[in-house]
Participant: 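Let me give you the structure first, and then I'll get to my questions.
Protein chains get the first letters and strands the later ones, always in sequence-line order, with residue 1 at the start of each. The structure presented is a predicted model; accordingly, all values stated were derived computationally and were not measured.
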Amino acid sequence: MASISARRLAKELREIQSEGCPVGITLLEANDFSRWLFTIEVMGESLYQGEVYDLQFRFDAQYPISSPAVQFVVTGGKQSPIHPHVYSNGHICASILGNEWSPVLSVIAVCVTLQSMLASCKVRPTDNDRYVRNAPENPKKTLFHYDDDT
Amino acid sequence: MSLYNYVETPNTNLVCCICRAPFTDPITTRTCTHTFCSECILRALTHSALCPIDRSPLSVNDLVDASPIVRSLVDELVVECPHLSEGCSHTSQRQAMPLHLRDECEYGEVGCLVDGCTEVMKRKDIPAHVEKAHADSEMHSGEEGQEEEGSISRTESEEHTCPHAGIGCPYTGPLKASEHLESCPYESLKGFFVMNTARMSLLTEQNMLLRHRVDTLESTVFTLRREMNAAKNALGPWFRSSYHGMGGYSVVGSEVAGATAGPSESGGGVDELSPYFPSEEVGLRHRASSSVSEGMYGGIVAPLDLGTTLEGTLVGLRESMVGLAAGVDSAGRRSEIALANETLRLGEEMMSVRAQMHGLRMQVHGMMMDRNAALREEGYGNFGMAGSITKL
Ligand SMILES: [Zn+2]
Ligand SMILES: [Zn+2]
Ligand SMILES: [Zn+2]
Ligand SMILES: [Zn+2]
Ligand SMILES: [Zn+2]
């Protein structure tokens with residue numbers, strides 16, 4: 001019997017395949033229900049114009065009750081976008097991936113939120129070096145302090 | 001969450017936004033009237049006590065059964081038989097599907113109908129199974145199996161199989177079951193197998209129960225871990241897990257170590273109040289006595305001992321408070337006594353000064369009298385003036 005998370009992800013995948021992704025987001029890889037890859041591009045006039053990033057989702061058996069582990073891919077020549085809430089190791093400090101996650105949200109909803117988050121100033125977080133040195137492999141293990149409303 | 005596939009795309013109003021499938025056993029929140037599957041919302045609540053849709057506070061007590069209309073709407077949705085991929089194209093209302101699986105579906109899992117047989121298989125496999133495993137016992141145990149299945153045709157072959165084929169006897173041969181049984185090793189173990197099967201099913205049942213409990217416990221552990229983290233954050237440097245031991249926190253620990261090493265070198269007698277402080281264990285001590293460690297750590301010495309638990313520190317603080325209070329009390333009493341003594345002494349001094357003053361005045365008076373007498377001898381003028389001088 002397929003697990004609850006697998007059935008829910010199968011539904012989301014079917015929706016993505018039948019209705020397509022929103023503009024600027026493409027599904028790169030979804031071979032199983034544990035890891036999906038998207039590309040994400042900020043549309044319109046912005047500092048990130050023309051830059052394409054790879055976004056990785058990892059799901060555990062508790063999805064959608066617990067949030068997916070989301071980060072930018074920084075291997076294979078890829079880089080994470082330069083943004084006050086994105087660390088150079090790809091980890092993202094966004095409250096909807098932590099304490100404001102709701103099972104009502106979906107993979108595409110997360111993509112769209114991150115896409116709109118990127119359209120602001122272009123600097124690394126102030127504590128980037130310290131965080132990256134000690135960061136756990138899975139960004140969900142970090143207790144981020146969400147200092148503002150983004 | 002529903003395991004069925006729905007024939008038509010269900011109305012979005014009947015879809016649970018957690019599992020994205022039509023509600024199973026729908027539950028509505030009393031506070032914000034949102035509806036979810038009971039399983040989905042209960043699982044979500046173990047994760048966070050908020051409504052997943054509007055994030056308003058929500059607890060299990062706020063959940064009530066959804067209205068009967070919603071229940072019947074989802075129960076009447078038409079679903080496919082879960083065995084569609086194997087070949088059953090049956091469709092029915094969702095509420096009727098369990099009955100189809102139990103009583104009709106060719107691919108439903110059912111137990112063998114022959115007495116004493118505990119095998120479970122797909123319904124369509126039963127005729128073949130009965131023919132193979134129960135060919136001989138059928139003659140003795142009546143025709144129920146045959147009536148039930150209706151399609152069993154007994155083969156007249158000379159090949160007989162053992163009634164215990166189901167539990168592993170590989171015998172096939174010309175001997176009839178009754179003849180073979182005399183030498184069948186499985187016959188003597190019959191009782192054991194029955195017992196074993198019973199025990200197995202008991203264990204399976206227990207296993208299911210335990211698995212359920214593990215699930216529940218896992219979610220409890222998850223909640224506890226979250227709360228633990230919150231508590232850890234709140235406690236800050238006061239938190240120490242039991243296996244850290246003394247000095248487990250590198251920064252704080254070394255400061256404390258420095259502070260406890262300090263006073264023994266600078267020696268006692270510096271501060272009169274120091275005996276009132278329950279010294280080493282409590283650790284609240286005067287700056288002056290830890291000057292050595294101040295030199296080493298740039299003057300920032302934690303005034304409290306972080307080496308004990310928060311409770312221990314509080315107890316220590318309270319003890320030193322009591323000590324301080326006693327100190328202040330005795331100091332007050334001492335100064336009171338000193339003040340009384342001083343007043344007494346001053347009073348005495350005042351008396352003696354007053355006496356001396358009196359003596360002086362008498363002497364001056366005597367001198368004046370002498371002078372007046374001398375003036376009177378010189379002549380009888382200036383009476384008034386002399387009188388005024390005597391009054392001095
Ligand atoms: Zn609600
Ligand atoms: Zn649901
Ligand atoms: Zn069926
Ligand atoms: Zn049987
Ligand atoms: Zn046998």
Participant: Crowded around B:Gln206 CD? As in, over 12 foreign heavy atoms under 6.0 Å?
Facilitator: yes
Participant: Looking at B:Ala21 and A:Lys11, what are the two nearest heavy atoms and their distance?
Facilitator: CB-NZ, 3.6 Å
Participant: Look at atom CD1 of B:Ile69 and say whether more than 12 heavy atoms of other residues, nucleotides or ligands are closer to it than 6.0 Å.
Facilitator: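 Open: at most 12 neighbouring heavy atoms sit under 6.0 Å from CD1 of B:Ile69.
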Participant: Check each atom of A:Ser5 against the heavy atoms of chain B and say whether the ones under 4.5 Å are side chain, backbone, both or neither.
Facilitator: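 Neither part; nothing is under 4.5 Å.
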Participant: Is it the side chain or the backbone of A:Glu100 that comes within 4.5 Å of chain B heavy atoms, both, or neither?
Facilitator: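 Both parts, backbone and side chain.
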Participant: Considering only heavy atoms from C-beta outward, does the side chain of B:His47 approach that of A:Ser66 to under 4.5 Å?
Facilitator: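 B:His47 reaches A:Ser66 side chain to side chain.
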Participant: State, to 0.1 Å, how close A:Ser102 and B:Ile53 come at their nearest heavy-atom pair, and which atoms those are.
Facilitator: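 Residues A:Ser102 and B:Ile53, closest heavy atoms: OG-N, 4.5 Å.
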Participant: Please identify, among B:Cys16, B:Ser219, B:Ala44, the residue contributing the most non-hydrogen atom pairs under 4.5 Å to chain A.
Facilitator: B:Ala44
Participant: To the nearest 0.5 Å, what is the distance between CD1 on A:Ile65 and OG on B:Ser48?
Facilitator: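 The CD1 atom of A:Ile65 sits 10.0 Å away from the OG atom of B:Ser48.
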Participant: From B:Arg20 CZ over to A:Glu15 CD, what is the distance, rounded to the nearest 0.5 angstrom?
Facilitator: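 Separation between the atoms: 6.0 Å.
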Participant: Is it true that atom CD of A:Glu29 has more than 12 heavy atoms of other residues, nucleotides or ligands lying nearer than 6.0 Å?
Facilitator: yes
